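Everything below concerns the one structure shown next.
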Amino acid sequence: MELKAKSLKELYEKDFYLWVQENLKLLKNREFELVDWENLLEEIEDMARRELRSLINLMAVIMEHLYKWENYRESAYMGSGWKKSILNARKEILKLFKDTPSLKAKAQEKEILQRAWEDAVLDLIAWFKGNEKLALRHFGRFPTEKDFPQECPYTFEQIMEYEPWIERR
Amino acid sequence: MELKTKSLKELYEKDFYLWVLENLKLLKNKEYELVDWENLLEEIEDMAKRHFESMISYMAVIMERLYKWEKFRENEYMGSHWKKSINTARMQIADLFDDNPSLRRVAQEKESLSKAWKRAVRRLVLWFDEDENKNLAKKYFGRLPTEEDFPKDCPYTFEQVMEYKPWREEIKEIRETQQS
């Protein structure tokens, strides 16, 4: 029994497809003590993590574009694509909340906002890499993480509702 | 207890994230009888199915391109990106087999081959429907082909899917004609 559980654990690295089938068989037969719980629990946890990942990705999109609008919009011709990205990501978040209401509470946690902001900063850095002129104008070089606020500058309400294009009028 | 399991089952539809966390908690506490096994087993099965589905998709890409090369390649200017996508898909399948060696056996099952071929046929039909291929459709079929215009049974073996290189045959043919 000990041996079987050990070899199942090894199978996880060697043959994921077979590992799933073997564990499934054990679970269906209620041979719980033989299941590779260590890896299986991790895999199940990943299902939840993936949901959270989608939420964070969408929040990061919104923050990146809000920040661009507030700080780097140079003319009335800029930003229509940013606005579209913001509105689209908000719509996707609302859909996510509809399917998974518990994520709404999660989205307001400081840690989650911070993770999303850190992603947004990476996106901003990458954006400037493709916009050398703007980078030079604003930073005199390509910006790094240190050129952006360390702490998330947006609240959950702002992420979901702030419309900088309306306030400008 | 009965009630709790039922509400957990409902949670699966209503709040997947919370459903995962609740089941995780039960599993960690070894409260197996409370777990929503019906949905959980399906989710676990899906973990494996995803790999199977990717494999079928890659196989379908290869079959579609092999078939195009064999039957509808009109001149030497055609097909360089077919070759590229065959090579890419073969590489992806090889990666998949590295992590999931047992899939190699599954890939050789008749069922898998015919599933991939069915998808390849669907892609072929759509390909002929593209504007730039309308003339080819007319030439070979006199109209837009349907799924019935292609072999019903998968014309390729697993070995061919993984190794057959029609462009090599051609090189050989060219060499042979040059020599004679």
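Protein chains get the first letters and strands the later ones, always in sequence-line order, with residue 1 at the start of each. All of these numbers come straight from a predicted model, not from anything done at the bench.
- The aromatic rings of H51(B) and F16(A) stand perpendicular to each other, their planes meeting at an angle above 60°, with 30° marking the opposite boundary.
- With a 4.5 Å cut-off on non-hydrogen atoms, E43(B) touches chain A through its backbone and its side chain both.
- Remark: E109(B) CD is packed, more than 12 non-hydrogen atoms of other residues, nucleotides or ligands lying under 6.0 Å away.
- Contact detail for V20(B) and A48(A): the closest heavy-atom pair is CG1-CB, 3.7 Å.
- Annotation: side chain of N23(A) is not in contact with side chain of I44(B) (no heavy-atom distance under 4.5 Å).
- With a 6.0 Å radius and a threshold of 12 heavy atoms from other residues, nucleotides or ligands, Q150(A) has its CD atom at or below the threshold.
- The contact between L41(B) and chain A is made by backbone and side chain atoms together, counting heavy-atom distances below 4.5 Å.
- Linking ILVMFWY residues whenever their side-chain heavy atoms come closer than 4.5 Å, directly or via other members, places V106(B) and I62(B) in the same cluster.
- Within the model, atoms CE of M47(B) and CG of L24(A) stand 8.5 Å from one another, a figure rounded to the nearest 0.5 Å.
- Listed here is the closest heavy atom pair of A48(B) and V20(A): CB-CG1, 3.5 Å.
- Contact count versus chain B (heavy atoms, under 4.5 Å) is highest, among W37(A), W19(A), F32(A), for F32(A).
- Hydrophobic clustering, with ILVMFWY side chains joined whenever heavy atoms are under 4.5 angstrom apart, keeps F142(A) apart from W127(A).
- Linking ILVMFWY side-chain heavy atoms closer than 4.5 Å, directly or via other members, places W127(B) and V61(B) in two distinct hydrophobic clusters.
- The line from NZ of K106(A) to CG of L21(B) is 7.5 Å long, rounded to the nearest 0.5 Å.
- Across every non-hydrogen atom of R50(B) and R50(A), the tightest pair is NH2-NH2, 3.6 Å.
- Contact count versus chain B (heavy atoms, under 4.5 Å) is highest, among M47(A), K28(A), E51(A), R49(A), for M47(A).
- Proximity to chain B is absent for every atom of L11(A), based on heavy atoms less than 4.5 angstrom apart.
- In the hydrophobic clustering of this structure, L122(A) does not group with F128(A); members are Ile, Leu, Val, Met, Phe, Trp, Tyr whose side-chain heavy atoms approach within less than 4.5 Å, directly or through other members.
- Here the straight-line distance linking atom CG of D15(B) with atom CG of L103(A) works out to 7.0 Å at 0.5 Å rounding.
- In the hydrophobic clustering of this structure, V61(A) does not group with I125(A); members are Ile, Leu, Val, Met, Phe, Trp, Tyr whose side-chain heavy atoms approach within less than 4.5 Å, directly or through other members.
- By the 6.0 Å contact criterion, NZ on K98(A) is open, its count of non-hydrogen atoms from other residues, nucleotides or ligands being 12 or less.
- Heavy atoms closer than 4.5 Å to chain A are found nowhere in N23(B), neither backbone nor side chain.
- Heavy-atom neighbours of E111(B) CD from other residues, nucleotides or ligands within 6.0 Å: at or below the threshold of 12.
- Looking at L55(A) and Y17(B), their side chains never come closer than 4.5 Å, going by heavy atoms from C-beta outward.
- With a 6.0 Å radius and a threshold of 12 heavy atoms from other residues, nucleotides or ligands, E109(A) has its CD atom above the threshold.
- K14(B) contributes atom NZ, which lies 13.5 Å from atom CG of D99(A) (distance to the nearest 0.5 angstrom).
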